[in-house]
Number of protein chains: 2
Amino acid sequence: MSTADGSGATGTRERIVLAASRLMQRQGYDGTGIKQISTEAGATFGSVYHFFPGGKRELAVAAIRHGDQEFGDFLREELDRVDDPAEAVAACARTLAAGLRASDWTDGCPVTATALGSATRAPEIQQAAAAAFERWRGLVAERLRRSGLPDADARELAATVVSALEGAEFAAQVSRSEEPLLTTGRQLARLISSYR
Amino acid sequence: MSTADGSGATGTRERIVLAASRLMQRQGYDGTGIKQISTEAGATFGSVYHFFPGGKRELAVAAIRHGDQEFGDFLREELDRVDDPAEAVAACARTLAAGLRASDWTDGCPVTATALGSATRAPEIQQAAAAAFERWRGLVAERLRRSGLPDADARELAATVVSALEGAEFAAQVSRSEEPLLTTGRQLARLISSYR
DNA sequence: GTCTATAATCTGATAGAC
DNA sequence: GTCTATCAGATTATAGAC
């Protein structure tokens, strides 16, 4: 279900956000033009400014919020698949690695590329990215608490897991190799296991 | 000593590379113009193309190589300051956090921002970034081996340390908080200690 | 809501004088 | 090696017809 009303139909606004998210994920904020976004979305140039009067900045914030949702859903699903939380985090890393390879190393984190570089100029973008990281940390922490970890430990571990996965995904992307993600996943599992 | 010949004088070429590295670190590849680089370097527009006939791409590769050197030197120095390798990695994270705050959260990793987004279009840039990560992993692994860790463990840990520090630095940058780096540093220290 | 035309500006890159 | 002028194209954004 990709629409708000659940009808399955994709409105113009939604297609624009989706295209912006995908393109900025690969090319960054400054590397992606509004013209390219509108073309990819099958919308006209004017439609973009009709739905996003704030222009590129407003569109980037919407794209980051979309990536926030997307990666959050991934984390929730993947972490619930396996009983052992340490093994669940390692599985996350493996799935991310497979996805990265499947996209020929182009589709990294949907938030990182968009926020990096534009953050200093646009506070709204930086804040949207910060909110995404905060939410992801919360999701992982919740999962760890559910496994019996004390709140303080769960929060520390969650922050480490999100940061490490983020960095490993970028390392894997530029190295064009699954190794950094797989290795980091294994070591994160070991770290989590040490708390029990 | 910032010059190749050790004289201390800064040539035009070197000033251009330095300015490019700093600006791309903050604004990314596409967000940084050659005009801005030449102005910041105190050089003329034509000088840039005199030293870098390959244009912006060639300049970006030189900027990444400079960042590679810079962060490599930092790692080497910082890791040699403390005897215990686990504590040394935590100290690295603390120093990075302090530097990030001191720059008002603008100066993240000198390689990440430059490579992200431009990597798909320019293979030379992606390769330069991959080489940087590889070198950093080697430096950390060497330090861990020197502390008595078996080669296999040292390599796994080194890859994890570099990825995690990278991700934590970005998380700290967008969150405008030292917390992600400090937390990740503590947990990496715990992980390393668990190997002994 | 959709679409086109256009304004105003900026970009990377080149040529050539000094 | 330094500097300036300039080209051709792309960029964000706006105006207004339909």
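In this text, all values refer to a predicted model and were calculated from it rather than measured experimentally. Lettering of chains follows the sequences in order, A, B, ..., and the numbering in each one begins at 1. Side chains included, hydrogens not; waters and symmetry mates left out as well; all remaining heavy atoms used.
- Atom CG in Asp153(B) sits 9.5 Å away from atom CG in Leu144(B) (nearest 0.5 Å).
- For the segment residues 47-59 of chain B, residues with any heavy atom less than 4.0 angstrom from an atom of DNA chain C are, sorted by number, Tyr49(B), Gly55(B), Lys56(B).
- Under a hydrophobic-cluster definition in which Ile, Leu, Val, Met, Phe, Trp and Tyr are linked whenever side-chain heavy atoms come within less than 4.5 Å, directly or via other members, Phe45(B) and Leu23(B) are assigned to the same cluster.
- No hydrogens or angles considered: a donor-acceptor pair under 3.5 Å links the side chains of Ser147(A) and Arg143(A).
- Within a 6.0 Å sphere centred on CZ of Arg146(A), heavy atoms belonging to other residues, nucleotides or ligands number more than 12.
- Residues of residues 34-45 of chain B having a heavy atom closer than 4.0 Å to DNA chain C, listed by number: Ile34(B), Phe45(B).
- For Asp30(B) and dT12(D), the CG to C1' distance is 15 Å, given to the nearest whole Å.
- Note on Arg22(B) versus Glu70(B): salt bridge recorded, some NZ/NE/NH1/NH2 to OD/OE distance being below 4.0 Å.
- Surrounding CZ of Arg176(A) are more than 12 heavy atoms belonging to other residues, nucleotides or ligands, all under 6.0 Å away.
- Ion pair Arg81(B)/Glu87(B) not flagged as a salt bridge, since none of the NZ, NE, NH1 or NH2 atoms sits closer than 4.0 Å to an Asp/Glu carboxylate oxygen.
- We find that Glu142(A) and Arg145(A) are not joined by a salt bridge, their nearest charged nitrogen and carboxylate oxygen being 4.0 Å or further apart.
- When the nearest nucleotides of DNA chain C are assigned to Thr32(B) and Gly46(B) by heavy-atom distance, the more 5′-ward of the two goes with Thr32(B).
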